[in-house]
K.L.:
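Before I ask anything, let me first share the structure, which is written out below as structure tokens.
Computation of the quantities below employed the complete heavy-atom set of this structure, encompassing side-chain atoms and omitting hydrogens, waters and symmetry-equivalent molecules.
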Amino acid sequence: MTKENGVIAIAYLSSDSIMIDWALRDRHLVDGYGKDFDENYKIINYPGGIFAAFRIDEFKELMQSFPVSLEHNVATDGMARHMKEQIDVLSEEEFAAWMQYHLLTCEREELQGYSSHLLYICRKCKEKKN
């Protein structure tokens, strides 16, 4: 809960990142089809499941049913989950450059789906947005 005009930050998981990290890397592209993800390669969220994953447009649509206005949608880890071996060996100078790149691109929607975690930052409104 927050007061009117208060800032709310909501973390969510990316369905597309799970497809890369789990289905591709761990080779579940065949055995997960229809069970863990649908024909559009979107992770299936089961009632009572521990986690739910969303595509960005799907999450934004869900949030339209609440009295909030979007301030920022941020990819918190970007490609880091998928490139961890390369990032772990960077020098301090290279890592600083990588972080600069990440901070400059974390709000670019065309790159956000690859991030494992996203952060939806919004403000509470008086009434539900249409």
K.L.:
For Arg123, is there an ion pair with Glu4 - N to carboxylate O distance below 4.0 angstrom?
P.N.:
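A salt bridge is absent here (no side-chain N lies under 4.0 Å from a carboxylate O).
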K.L.:
Show the nearest heavy-atom pair for residues Lys42 and Asn45, with the distance to one decimal.
P.N.:
NZ-ND2, 3.6 Å
K.L.:
Can you see which heavy atom on Tyr41 is nearest to which on Ser15, and at what distance?
P.N.:
O-OG, 4.4 Å
K.L.:
Is the count of non-hydrogen atoms from other residues, nucleotides or ligands lying under 6.0 Å from Phe51 atom CZ greater than 12?
P.N.:
no
K.L.:
Could you check whether atom CD of Glu110 has more than 12 heavy atoms from other residues, nucleotides or ligands sitting under 6.0 Å from it?
P.N.:
yes
K.L.:
Atom CD of residue position Glu92 - does it have more than 12 heavy atoms of other residues, nucleotides or ligands inside 6.0 Å?
P.N.:
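Counting neighbours around CD of Glu92, 12 or fewer heavy atoms of other residues, nucleotides or ligands fall under 6.0 Å, so no.
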K.L.:
Got a second to check how far Tyr12's OH is from Leu119's CG, nearest 0.5 Å?
P.N.:
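If I round to the nearest 0.5 Å, the distance is 9.0 Å.
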K.L.:
Within a strict 4.5 Å, meaning less than it, do heavy atoms of the Met19 and Leu24 side chains meet?
P.N.:
no
K.L.:
Using atom types as modelled and distance alone, determine if a side-chain donor or acceptor of Ser115 lies under 3.5 Å from a backbone N or O of Gln112.
P.N.:
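No; judged by distance alone, with no hydrogens or angles, the pair does not exist.
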K.L.:
Given the rule that I, L, V, M, F, W and Y join up when any side-chain heavy atoms are under 4.5 Å apart, are Phe66 and Leu70 in one cluster?
P.N.:
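Per the 4.5 Å side-chain linkage, Phe66 and Leu70 are co-clustered.
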K.L.:
Within a strict 4.5 Å, meaning less than it, do heavy atoms of the Leu118 and Phe59 side chains meet?
P.N.:
no
K.L.:
Would the distance check show the side chain of His102 and the main-chain N or O of Thr76 forming a donor-acceptor pair, the cut-off being under 3.5 Å?
P.N.:
yes
K.L.:
Are any of the side-chain heavy atoms of Ser69 and Cys125 separated by less than 4.5 Å?
P.N.:
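Yes. Closest side-chain heavy atoms under 4.5 Å.
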K.L.:
Closer than 3.5 angstrom, by distance alone: can the side chain of His82 be matched with the main-chain N or O of Tyr114 as a donor-acceptor pair?
P.N.:
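Confirmed, His82 side chain pairs with Tyr114 backbone.
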K.L.:
Tell me whether Tyr46 is reachable from Ile50 by hopping between hydrophobic residues (I, L, V, M, F, W, Y) whose side-chain heavy atoms are closer than 4.5 Å.
P.N.:
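Not linked; separate clusters.
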K.L.:
Contact between Lys60 and Ile56 at the side-chain level, heavy atoms closer than 4.5 Å - yes or no?
P.N.:
yes
K.L.:
Looking only at heavy atoms, which two atoms of Arg55 and Asp16 are closest? And how far apart?
P.N.:
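Scanning both residues completely, I find the closest heavy atoms to be NE-OD1, 3.5 Å.
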K.L.:
Relative to the ring of Phe37, is the ring of Tyr33 parallel (under 30°), tilted (30 to 60°) or perpendicular (over 60°)?
P.N.:
perpendicular
K.L.:
Could you tell me whether the side chain of Asp77 and the main chain of Ala80 form a donor-acceptor pair under 3.5 Å?
P.N.:
no
K.L.:
What closest approach, in Å, do Ile18 and Ala53 show between heavy atoms, and which atom pair accounts for it?
P.N.:
CD1-CB, 3.6 Å
K.L.:
Within the 4.5 Å heavy-atom criterion, are Glu107 and Asn73 side-chain neighbours or not?
P.N.:
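SC-SC contact between Glu107 and Asn73 ruled out.
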K.L.:
Do the non-hydrogen side-chain atoms of Lys84 and Ile87 ever get within less than 4.5 Å of each other?
P.N.:
no
K.L.:
side-chain contact (heavy atoms from CB on, under 4.5 Å) between Lys124 and Asn5: does it pass, once the steps are laid out?
P.N.:
CA-CA 5 Å; Lys124 184 175 180 181; Asn5 207 35; over 6 Å; no
K.L.:
Find the distance between CD (Gln100) and CG (Leu104) and round it off to the nearest 0.5 Å.
P.N.:
5.5 Å
K.L.:
Ignoring hydrogens, what is the shortest heavy-atom contact between Met63 and Ile10? Give both atom names and the distance.
P.N.:
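Shortest heavy-atom contact: CE-CD1, 3.4 Å.
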K.L.:
Under the side chain to side chain donor-acceptor pair (under 3.5 Å) criterion, do Ser116 and Ser17 qualify, and how do the steps go?
P.N.:
CA-CA 5 Å; Ser116 294; Ser17 179; 3.1 Å; yes
K.L.:
Determine, using the 4.5 Å side-chain heavy-atom cutoff (strictly less than), whether Ile43 and Leu29 are members of one ILVMFWY cluster.
P.N.:
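Yes, same cluster.
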K.L.:
Taking atom CD of Glu94 and atom OH of Tyr101, what is their separation to the nearest 0.5 Å?
P.N.:
16.0 Å
K.L.:
Applying side-chain hydrogen bond (donor to acceptor under 3.5 Å, both in side chains), can you list everything that pairs with Arg27, at least two apart in sequence or on another chain?
P.N.:
none
K.L.:
Would you check if the distance from the ring center of Trp98 to the ring center of Phe95 is below 6.0 Å?
P.N.:
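Centroid separation for Trp98 and Phe95: 6.0 Å or greater.
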K.L.:
For Glu61, enumerate each residue passing the salt bridge (Lys or Arg N to Asp or Glu O under 4.0 Å) test, keeping only those at least two apart in sequence or located in another chain.
P.N.:
none
K.L.:
Identify the heavy atoms of Ile44 and Lys35 that sit nearest to each other, and give their distance.
P.N.:
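The pair with the smallest heavy-atom distance is CD1-O, 3.7 Å.
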K.L.:
In the structure I gave you, are the side-chain heavy atoms of Ile121 and Ile8 within less than 4.5 Å of one another anywhere?
P.N.:
no
K.L.:
Would you check if Arg81 and Arg25 make a side-chain contact, meaning some heavy-atom pair closer than 4.5 Å?
P.N.:
yes
